[in-house]
Amino acid sequence: MDDTQIPSGQEIYDAIMAGIEPELTTAGLETLEQVYANELEQDKAARATRYDTAFLEYDKQFQAYSDQWIDSLRSYKRTAVSSLEKENRETEDKAALDSIESSLSA
């Protein structure tokens, strides 16, 4: 089995959000209060709008990420099932040949 670790929810969130709005990563969120301590109300409203847009983009990118994972998992399942079916056919074919050989030898 592959040793690849599935990233945590926080890791996924941060990886996506870092490319959209770094202030909204989990590390960035911890500094917002300090960074914007003296922010004017009009600037605060503009920042809130920017953040709303960032979260909408995050939702789109997270959906694409999720779809990719689901496709990968389905592909893996198809490969596994196909491999098992092939193995089963080979086992059945060998058993049938063994049976035929036994009946010819008798």
Going by distance alone, is a donor N or O of one side chain under 3.5 Å from an acceptor N or O of the other, for T25 and D14?
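No pair is found: no donor N or O on one side chain lies under 3.5 Å from an acceptor on the other.
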Polar side chain donor-acceptor pair, D59 to Q63, under 3.5 angstrom:
no
Flag, side chain of [X] to backbone of [Y], donor-acceptor distance under 3.5 Å:
X: S75; Y: D71; value: no
X: E11; Y: S8; value: yes
X: S66; Y: F62; value: yes
X: S82; Y: R78; value: no

To the nearest 0.5 Å, what is the distance between [atom1] on [X] and [atom2] on [Y]?
X: Y58; Y: Y13; atom1: OH; atom2: OH; answer: 7.0 Å
X: Y36; Y: K44; atom1: OH; atom2: NZ; answer: 12.0 Å
X: M17; Y: Q10; atom1: CE; atom2: CD; answer: 13.0 Å
X: D43; Y: R47; atom1: CG; atom2: CZ; answer: 9.0 Å

Below 4.0 angstrom, N of the basic side chain to O of the carboxylate: do E23 and R50 qualify?
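Between R50 and E23 there is a salt bridge, with a charged N closer than 4.0 Å to a carboxylate O.
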Return yes when atom CD1 of I6 has more than 12 non-hydrogen atoms of other residues, nucleotides or ligands closer than 6.0 Å, and no otherwise.
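Atom CD1 in I6 is not crowded, with 12 or fewer foreign heavy atoms closer than 6.0 Å.
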I'd like to know if V35 and L24 are part of one continuous hydrophobic network [Ile/Leu/Val/Met/Phe/Trp/Tyr, side-chain heavy atoms within less than 4.5 Å].
yes
Joint hydrophobic cluster, L56 plus Y65, side-chain heavy atoms closer than 4.5 Å:
no
Go through the steps for Y51 and E21 under the test side chain to side chain contact (heavy atoms under 4.5 Å, CB included), then give the verdict.
CA-CA 8 Å; Y51 288 174; E21 179 58 68; 4.0 Å; yes
